[in-house]
There are 2 protein chains.
Amino acid sequence: MADRKTYHHGALRQALIDGAKEILAESGHEQFSLNEVARRAGVSTAAPYRHFTNRDDLLSAVAEEGYRTLADDLEKATGLVGLGGAYVRFAHEHPGLFVTMFRSRPGGEASAAGEAAFGTLLRAVVAAQESGEIVSHASPELTARSIWATLHGLAVLHLQRPHERYGLGGEPEELAATTLSALLGVKPG
Amino acid sequence: MADRKTYHHGALRQALIDGAKEILAESGHEQFSLNEVARRAGVSTAAPYRHFTNRDDLLSAVAEEGYRTLADDLEKATGLVGLGGAYVRFAHEHPGLFVTMFRSRPGGEASAAGEAAFGTLLRAVVAAQESGEIVSHASPELTARSIWATLHGLAVLHLQRPHERYGLGGEPEELAATTLSALLGVKPG
DNA sequence: ATGCGATGTGAACGGCACTAACATAGCAGC
DNA sequence: GCTGCTATGTTAGTGCCGTTCACATCGCAT
């Protein structure tokens, strides 16, 4: 091992996170291996433990970056339907990362970036209510939470190949548009 | 090993499925171990391979039974809100099983029991439209799919402890009722 | 009664997450 | 510049995992 120039890697922590993302993109969450990440970074399998307490800690750091990327994607979107499309598309394009982000963690802590993403959704809902894009008699918070649940369920079911038959296999944007339209009567404009 | 009466177990296949459910209920999907299942059934770690091609095959059989239980629960529920509450409650009461049922399987096949569950949802949506419980301008199929996505997202997010703060930590029935109400304007009656 | 197929065993393989003891190097204070 | 502390790396090992293979046992049809 250690066929790199210097004994110390220099930026191992980020290299491990990047490598982990790579593996998640190639093979998915269930196939993820900490040893494989170390191998790709060109270090021993014990090295990651200098930067992360365990495998799950690394995955949490990866998830954190995922939340930031998702929040950015949602920021870029315009309109409620656009935001919904961006949410489902993120899951579509980064399925392994998406699963990692929302894996069930018994004692999982909250994520600052996750909060930011929800904040963006909330603002979009308020804007949609003000512009008349949607009509909801419930509070913006409840409406936002409900739409989030819908988008999240859409994203998760979309990743399930066997459920393609229910019409959940189409393009993310179309999926989000038709679904939000069916529930809220939003126009795809 | 083999401190049971007869050399052959007699009903090992079902015992393995039951044991797997037990482990999922106790420790969750991520902690599931095939060796542990064999140990609980009192057989060697190689024995399960006489009944299942691999670990994933056993989990699929477990998931199939889960789909049947879920379909039964949904059948028993009355009204769209009742059905939604039953869906989220199922996830709440059997989180490990729920995760196993909807884990991302690359080449996963469809489940007959899963179809039945969706059929029940579809009928409930049609009934709700006819009784005036909800007003949707979309087709029953699209509406049912959209509601399914909402309920599924609600269930998944409900299992995420860190997201309790968004109000997703309450009772399953209340969660389903307020969410469906916010999106469709259904009355909690 | 026999023998064949179904079902279970024990021992092995490689891979995994993780740990402990040790090696190297960057850097701060003298 | 030398010294030594601390951060960061390695090697070797532990125990568990999923899976396979050769072999043992037994139920059942002929």
Side-chain angles (χ1 to χ4, degrees), chain A residues 1-20 22-24 26-63 96 99-100 103-108, chain B residues 1-20 22-24 26-63 96 99-100 103-108:
Chain A
M1 294 295 164
D3 56 342
R4 88 192 75 96
K5 302 148 197 168
T6 61
Y7 183 88
H8 287 299
H9 184 287
L12 183 53
R13 188 187 153 90
Q14 190 59 44
L16 291 171
I17 293 177
D18 293 344
E22 218 177 274
I23 295 176
L24 288 175
E26 290 171 15
S27 321
H29 175 76
E30 308 240 337
Q31 302 299 322
F32 175 84
S33 149
L34 188 51
N35 286 6
E36 174 67 20
V37 178
R39 246 174 266 125
R40 292 198 184 197
V43 296
S44 75
T45 64
Y49 292 91
R50 297 297 174 188
H51 298 274
F52 303 97
T53 67
N54 52 35
R55 170 199 147 106
D56 206 68
D57 189 33
L58 167 56
L59 285 178
S60 291
V62 169
V99 169
T100 298
R103 93 210 108 122
S104 300
R105 292 161 293 176
Chain B
M1 297 295 163
D3 56 342
R4 90 192 73 95
K5 301 148 196 166
T6 61
Y7 183 88
H8 287 300
H9 184 287
L12 182 53
R13 187 187 156 90
Q14 190 59 44
L16 292 171
I17 293 178
D18 293 345
E22 219 176 276
I23 295 176
L24 288 175
E26 290 172 15
S27 321
H29 175 77
E30 307 240 338
Q31 301 299 321
F32 176 83
S33 149
L34 187 52
N35 286 6
E36 174 67 20
V37 178
R39 245 174 267 124
R40 292 197 186 199
V43 297
S44 77
T45 64
Y49 291 89
R50 297 298 174 187
H51 298 273
F52 303 96
T53 67
N54 53 32
R55 170 198 146 107
D56 205 67
D57 189 33
L58 167 55
L59 286 177
S60 290
V62 169
V99 169
T100 298
R103 92 212 111 118
S104 301
R105 292 160 292 175

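Lettering follows sequence order; numbering is per chain, from 1.
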Legend entry - Within-4.5 Å side-chain heavy-atom neighbours: A/Arg13 and A/Leu16: no

N/O contacts under 3.5 Å, protein versus nucleotides 17-19 of chain D?
from, atom 1, to, atom 2, distance (Å)
D/dC17, OP1, B/Ser33, OG, 3.2
D/dC17, OP2, B/Arg39, NH2, 2.5
D/dG18, OP1, B/Leu34, N, 2.7
D/dG18, OP1, B/Arg55, NH1, 3.1
D/dG18, OP2, B/Leu34, N, 3.0
D/dG18, OP2, B/Asn35, N, 2.8
D/dG18, OP2, B/Asn35, OD1, 3.2
D/dT19, OP2, B/Tyr49, OH, 2.9
D/dT19, OP2, B/Arg55, N, 2.8
D/dT19, O5', B/Tyr49, OH, 3.2

Legend entry - With sequence neighbours excluded, residues passing side chain to side chain donor-acceptor pair (under 3.5 Å) with B/Asp56: B/Arg103

Inset, instruction - Give the rounded distance in Å between these two atoms: CG of B/Leu16 and C1' of C/dG8. - result: 12 Å

Inset, instruction - Quick one: list whatever passes side chain to side chain donor-acceptor pair (under 3.5 Å) with A/Thr45, sequence neighbours left out. - result: none

Inset, instruction - Could you check how far CG of A/Asp57 sits from P of C/dT19, rounded to whole Å? - result: 12 Å

Inset, instruction - Indicate yes or no: at least one non-hydrogen side-chain atom of B/Leu34 is less than 4.5 angstrom from one of B/Pro48. - result: yes

Legend entry - Contacts of A/Glu22 that satisfy salt bridge (charged side-chain N to carboxylate O under 4.0 Å, His left out) - sequence neighbours left out: A/Arg40

Legend entry - Phosphate OP1/OP2 of C/dG8: any B/His51 side-chain N/O under 4.0 Å: yes

Inset, instruction - Please report, rounded to the nearest Å, how far the C1' atom of C/dG15 is from the CD atom of A/Gln31. - result: 12 Å

Inset, instruction - Quick one: pull up CG in B/Asp18 and CG in B/Leu12 and give me the separation to the nearest 0.5 Å. - result: 11.0 Å

Legend entry - Atom pair OG (A/Ser44) and CZ (A/Arg39), whose distance is rounded to the nearest 0.5 Å: 11.5 Å

Inset, instruction - Rounded to the nearest angstrom, tell me the gap between atom CZ in B/Arg13 and atom C1' in C/dG8. - result: 17 Å

For nucleotides 3-5 of chain C, give me every protein contact, N/O to N/O, under 3.5 Å, one pair per line with atom names.
none

Inset, instruction - Return the value, rounded to whole Å, for the distance between atom CG of A/Leu12 and atom C1' of C/dA25. - result: 15 Å

Legend entry - Between C/dA17 (C1') and A/Phe52 (CZ): distance, integer Å: 15 Å

Legend entry - Residues that A/Asn35 engages under side chain to side chain donor-acceptor pair (under 3.5 Å), provided they are two or more places apart: none

